[in-house]
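These numbers were taken from a predicted model, which means no experiment stands behind them. When a ligand or atom number is given, it counts from 1 through the structure's own listing order. Positions are given from 1 along the sequence.
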Amino acid sequence: MDHLQIIVDEIAEEMALAVERGKVADYIPNLAAVSPAHFGMAIVSVDGSVHVAGDAEQAFSVQSITKVFGLTMALGAVGDALWSRVGREPSGSAFNSIVQLETEKGIPRNPFINAGAIVVSDILLARYEPREAIAEFLRFMRALAGDDTIVIDDHVARGEEQTGFRNAALASYMRAFGNVRHPIEKTLGIYFHQCALAMNCRQLALAGRFLMCGGRNPETGRSVVSPQRARRILALMLTCGHYDGSGEFAYRVGLPGKSGVGGGILSIAPGIASIAVWSPGLNERGNSHLGTLALERLVQRTGWSVFEPVSPDSGRAGRKIGSHFVD
Ligand code: GLN
């Protein structure tokens, strides 16, 4: 068995035995029913190899991880004009917080908090009809993962439509500032359907490949975004991808990552690997408790942190795994 498979298997074993598993999100009806016993992990390496362990083939609700892909699509549609409506600073506040919007005149701090992603959905509506935007988003995800079986879970989307009062408040508030420009039901319709995407760890890690490869989908050879845009999306993931837990995630894991309230995390080791983990129990900031721990273990054992020194000739991709001390 190869070295990386041993690492992934050992991490999955440790996570299966963990007693402290966090708390499953219960404010979205369908998520409350998911067992915290799950743990899955998938690593797609730059050479195309895939290593999986645990429940890596079981679909879960991708939720806020989709904000990375929604942003990618909206940047493709309107380019850097997007940044006149959304900031690029960590918020230091909860993912669904409204407080900064008053003093900052309806401009959300970044595209990865709920308010920011709702504006991104509104931007997509300027280009597409609602149904078309959702269909286009799904097509985009299927193409990135190279998997046409990926679907949006309508029950999850409907459940959120019925209970998403905070998101409705955010959208309404930003509409008052003119930063949501369409009827809020339409904008939220895109946002909730995007969040309700169902994928497993393997599919998610495959969808993240373009971010590990400087913007190019290694399977098709096609450019999804420019290398500069890929770097910038990764920078936002590192600084804002875990809300008010982003500093802690960078400290512990040291990789760009985006979490979702369904318990998934997509994390990218640029030039090395695209990694997806899933465990539904969340910490107090709404990020997967065991998912974070698993990524921390992975980085301790592989040295994949973006802050690891590399020699100028070998580069990051040239680094051997498991060749350093665990701290
Ligand atoms: N759909 C969820 C919400 O709007 C997404 C939040 C998350 O994953 N952190 O609350």
Side-chain angles (χ1 to χ4, degrees), residues 22-34 36 59-71 86 90-99 101 108-122 124 134 137 141 152-174 180 184-199 201 204 207 236-237 239-246 248-249 257-267 276-289 291-292:
K23 195 171 164 296
V24 174
D26 54 10
Y27 74 99
I28 300 174
N30 296 56
L31 299 190
V34 182
F60 60 91
S61 195
V62 184
Q63 294 294 325
S64 282
I65 305 169
T66 62
K67 291 171 181 170
V68 173
F69 302 100
L71 172 69
V86 186
S91 68
S93 302
F95 65 90
N96 54 9
S97 174
I98 201 167
V99 288
L101 284 179
R109 277 283 174 100
N110 68 67
F112 294 155
I113 49 174
N114 286 13
I118 290 168
V119 173
V120 169
S121 294
D122 195 66
L124 286 176
I134 295 163
F137 175 74
M141 296 309 299
I152 287 172
D153 185 332
D154 280 322
H155 293 290
V156 173
R158 244 174 284 132
E160 247 197 296
E161 247 151 12
Q162 284 155 11
T163 58
F165 307 118
R166 266 181 176 264
N167 288 319
L170 292 170
S172 251
Y173 203 56
M174 292 189 290
V180 163
I184 68 159
E185 316 73 60
K186 285 195 173 170
T187 300
L188 289 173
I190 310 288
Y191 173 73
F192 290 141
H193 280 84
Q194 172 190 302
C195 287
L197 186 74
M199 285 169 98
C201 288
L204 190 55
L236 290 165
M237 288 170 71
T239 52
C240 311
H242 283 70
Y243 323 110
D244 46 344
S246 299
E248 183 68 12
F249 186 83
K258 181 74 205 83
S259 70
V261 82
I265 302 175
L266 173 66
S267 204
V277 287
W278 171 55
S279 181
L282 308 177
N283 62 24
E284 62 289 351
R285 315 270 182 190
N287 302 312
S288 174
H289 174 71
T292 308

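Applying the side-chain hydrogen bond (donor to acceptor under 3.5 Å, both in side chains) definition to pairs two or more places apart or across chains, none involves residues 154-165.
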So what's ligand 1 close to, N/O to N/O, under 3.5 Å?
unit_1   : atom_1 : unit_2 : atom_2 : d
ligand 1 : 1 (N)  : Gln63  : OE1    : 2.5
ligand 1 : 1 (N)  : Glu160 : OE1    : 2.9
ligand 1 : 1 (N)  : Glu160 : OE2    : 2.8
ligand 1 : 4 (O)  : Asn114 : ND2    : 3.0
ligand 1 : 4 (O)  : Glu160 : OE2    : 3.2
ligand 1 : 4 (O)  : Asn167 : ND2    : 2.8
ligand 1 : 4 (O)  : Tyr191 : OH     : 2.7
ligand 1 : 8 (O)  : Ser64  : N      : 3.1
ligand 1 : 8 (O)  : Ser64  : OG     : 2.6
ligand 1 : 8 (O)  : Val261 : N      : 2.8
ligand 1 : 9 (N)  : Ser64  : OG     : 3.0
ligand 1 : 9 (N)  : Tyr243 : OH     : 2.9
ligand 1 : 10 (O) : Tyr27  : OH     : 2.5
ligand 1 : 10 (O) : Asn114 : ND2    : 3.3

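Thr239 pairs by the side chain to side chain contact (heavy atoms under 4.5 Å, CB included) definition with Pro90, not counting sequence neighbours. Under the rule for a side-chain hydrogen bond (donor to acceptor under 3.5 Å, both in side chains), Ser279 has no partner lying at least two apart in sequence or in another chain.
Between Phe95 and Tyr27, the ring-plane angle classifies as tilted under the 30° and 60° cut-offs.
In this structure, the side chain of Ser172 does not engage the main chain of Ala169 through any donor-acceptor pair within 3.5 Å. Under the 3.5 Å distance criterion, the side-chain polar atoms of Ser246 are matched with a main-chain donor or acceptor of Tyr243.
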